[in-house]
2 protein chains.
Amino acid sequence: MLRIAISDKVIGRLSLYRRILERRIPKSHMDDHIFSHELAALCGGTGALVRRDLMTIGFSGNPKKGYRVKELLNWIGNYLNAPEEERNVALAGVGNLGRALLAHFTYRRPKLPIVAAFDTDAQLLNRVIQGCRCFSVQQMDQVVGQFNIRVGIIAVPAAAAQDVTDRMVNAGITGLLNFAPVSLRVPADVFVENIDMTMSLEKVAFFARLNVKEKEVAR
Amino acid sequence: MLRIAISDKVIGRLSLYRRILERRIPKSHMDDHIFSHELAALCGGTGALVRRDLMTIGFSGNPKKGYRVKELLNWIGNYLNAPEEERNVALAGVGNLGRALLAHFTYRRPKLPIVAAFDTDAQLLNRVIQGCRCFSVQQMDQVVGQFNIRVGIIAVPAAAAQDVTDRMVNAGITGLLNFAPVSLRVPADVFVENIDMTMSLEKVAFFARLNVKEKEVAR
DNA sequence: GTAACGCTGTGAATAACATCACAACAGAGA
DNA sequence: TCTCTGTTGTGATGTTATTCACAGCGTTAC
Ligand SMILES: NC(=O)c1ccc[n+]([C@@H]2O[C@H](COP(=O)([O-])OP(=O)(O)OC[C@H]3O[C@@H](n4cnc5c(N)ncnc54)[C@H](O)[C@@H]3O)[C@@H](O)[C@H]2O)c1
Ligand SMILES: NC(=O)c1ccc[n+]([C@@H]2O[C@H](COP(=O)([O-])OP(=O)(O)OC[C@H]3O[C@@H](n4cnc5c(N)ncnc54)[C@H](O)[C@@H]3O)[C@@H](O)[C@H]2O)c1
């Protein structure tokens, strides 16, 4: 399976398609089919884009019936995560947000388990929260190595984010999901995805106002 | 101030610039200056893009000194939120994530206060959490009207998201920040920003794996 | 068998976004 | 005053993402 130069937008949508289809599968036959425009409607996109995305991962459908749901799920699954792959995740910062993430991902996404948490708060050390043990950040190397962790989540205050990032990268983590509102400096081979909730909320506030005041379409 | 057809990416970056500059201002003179490339370094972008963004909102700098920080802050502020504007926010879903959001935005962002929360859990009704009172979703119209709320945050389970959305839109909310992993159907004049943490985490897992296994640049 | 239908797969067109590159310019220094 | 420096502002250009549009095809209906 060749997997060169694929944009992160496409990866995001593939993950979305998979989740939508998974939610659909219980109430459908194994060999149910779906049209590109149906899938598009479910995820808020266009049929053409769905078809192109599936084309880029080399999956093809049938002009009269659409795409076989089960096959497509397998295909996306194989593409996004090679079956034998380790997918353990580490969390840094067991505060309000970190706890919410633990609660959510522990019981909703067993394919991406958060297997270790790190915090500086001595109160948390060695406690188990949502089935996940808290370690000191000094233990990063050891724990990341032991669990063979490749993915990290940064949910510490902005001031601590770069330090925690450096520790994670040193320990061998190559992908980061960052909630802290700072731009992380990492080596070129480390992938960083930022989620900036404050920025998103301000965007919403801006466009909400436009709508109500001027009724003009801003985009 | 004319404000037509501006992309949401630009709005997002302007909000980012503002936050970076605000963090900088305590340790600088009121009349400190900053170059486009300095701001770019702080937010992980390029000087050219910073200049273009500032150009699109009509702010100009000085070829020898750069941009006046204080003036720029004011300019962005005026652009993003007209000074007299109401910016009250409503939260739907006071679960793990909702509570984290309340804790964060209540003390960090007084300019975008969450003034009301909604939940179906009877235990929560009329309780005050992080200074924010919980209402029943039946009271949506009344409360949203009373506080003149325009912005809503959806942090309820996916199955309840569309129902809560409809109530919010009916009550007059015109901008939504949606954390539920579903595509919300809203009238064309309502702005929706989705934050899909699961999708983001899967993206990270995908690219993390690429880096470690094949060392190829995928983007 | 065959005609008609409506979807897929995809090159081409378009749109959105970001970068390049440089003229114009403000200030520093002599 | 004049030159030199390094930045701004911005048209031109490049890049990436999405949509258009339609040939080709599998299926169904008759
Ligand atoms: N909670 C939200 O809704 C929200 C919204 C937007 C952004 N954020 C961002 O997410 C991050 C976390 O937010 P939060 O609300 O959970 O904060 P929080 O203060 O509740 O939790 C932070 C946790 O990080 C720990 N910590 C501090 N320094 C550390 C270090 N060097 N190494 C390891 N752990 C350390 C603290 O002990 C604490 O447990 C922050 O950067 C915040 O800006 C949060
Ligand atoms: N917590 C996370 O880290 C996380 C991560 C990714 C996505 N999400 C999404 O965010 C949303 C909230 O997650 P959570 O972890 O806070 O869930 P949660 O179960 O902890 O909280 C959900 C809250 O919504 C309330 N609720 C249920 N139905 C409601 C309705 N019709 N009207 C109003 N309130 C209602 C519940 O009483 C509960 O308080 C979910 O859609 C989840 O998929 C959360």
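In the text below, chain A, chain B and the rest are named by the order of the sequence lines, each starting its count at 1.
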Classify Gly47(A) by what it touches in the nucleic acid, base, sugar-phosphate, or nothing, heavy-atom distance under 4.0 Å. nothing

What is the distance, rounded to the nearest whole Å, between atom CG of Asp8(A) and atom P of dT18(D)? 10 Å

So which pairs with a foot in residues 50-63 of chain B pass salt bridge (charged side-chain N to carboxylate O under 4.0 Å, His left out), sequence neighbours left out? Arg13(B)-Asp53(B)

Round to the nearest Å and state the distance from Glu38(A) atom CD to dG6(C) atom P. 14 Å

Value in whole Å for how far the P atom of dC17(C) lies from CG of Asp53(B): 11 Å

For the pair made of NZ in Lys64(B) and C1' in dG9(D), what is the distance, rounded to whole Å? 17 Å

Is the shortest heavy-atom distance from the side chain of Phe105(B) to the side chain of Leu112(B) under 4.5 Å? no

What's the NZ-P distance between Lys9(A) and dA16(C), to the nearest Å? 12 Å

Expressed in angstrom and rounded to an integer, what is the separation of Leu54(B) atom CG from dT8(D) atom P? 9 Å

Toward the 5' end of DNA chain D, by each residue's nearest nucleotide, Ser36(B) or Leu49(A): Ser36(B)

Please pick, from dT18(D), dG26(D), dG9(C), the nucleotide with the shortest atom-to-atom distance to any side-chain atom of Tyr67(A). dG9(C)

Say you draw a straight line from CZ of Phe118(B) to CE of Met168(B); how long is it, rounded to the nearest 0.5 Å? 6.5 Å

Enumerate all atom pairs, one protein N or O and one N or O from nucleotides 20-25 of chain D, separated by less than 3.5 Å.
unit_1	atom_1	unit_2	atom_2	d
dA21(D)	N6	Arg51(A)	NH2	3.3

For Ile173(A) and Arg150(A), what are the C-alpha separation, side-chain angles and deciding distance, and is it a side chain to side chain contact (heavy atoms under 4.5 Å, CB included)? CA-CA 4 Å; Ile173(A) 280 177; Arg150(A) 294 273 101 90; 5.8 Å; no

Between C1' of dG9(D) and NE2 of His37(B), the distance in whole Å: 15 Å

Residue Arg23(B) excluded, over 12 heavy atoms near CZ under 6.0 Å: yes

Respond yes when some side-chain nitrogen or oxygen of Ser7(A) is under 4.0 Å from OP1 or OP2 of dA17(D), and no when none is. yes

Measure the distance from CG on Leu39(B) to P on dT8(D) and round it to the nearest whole Å. 10 Å

Gly98(B) to Leu91(B) - nearest heavy-atom pair and separation: O-CD2, 3.6 Å

Contact under 4.0 Å: Ser60(A) side-chain N or O vs dG9(C) OP1/OP2: yes

What one should report as the nearest heavy-atom pair of Ala171(B) and Val144(B) is O-CG1, 3.5 Å

Establish, with yes or no, whether the OP1 or OP2 oxygen of dG27(C) is under 4.0 angstrom from a side-chain nitrogen or oxygen of Asn62(B). yes

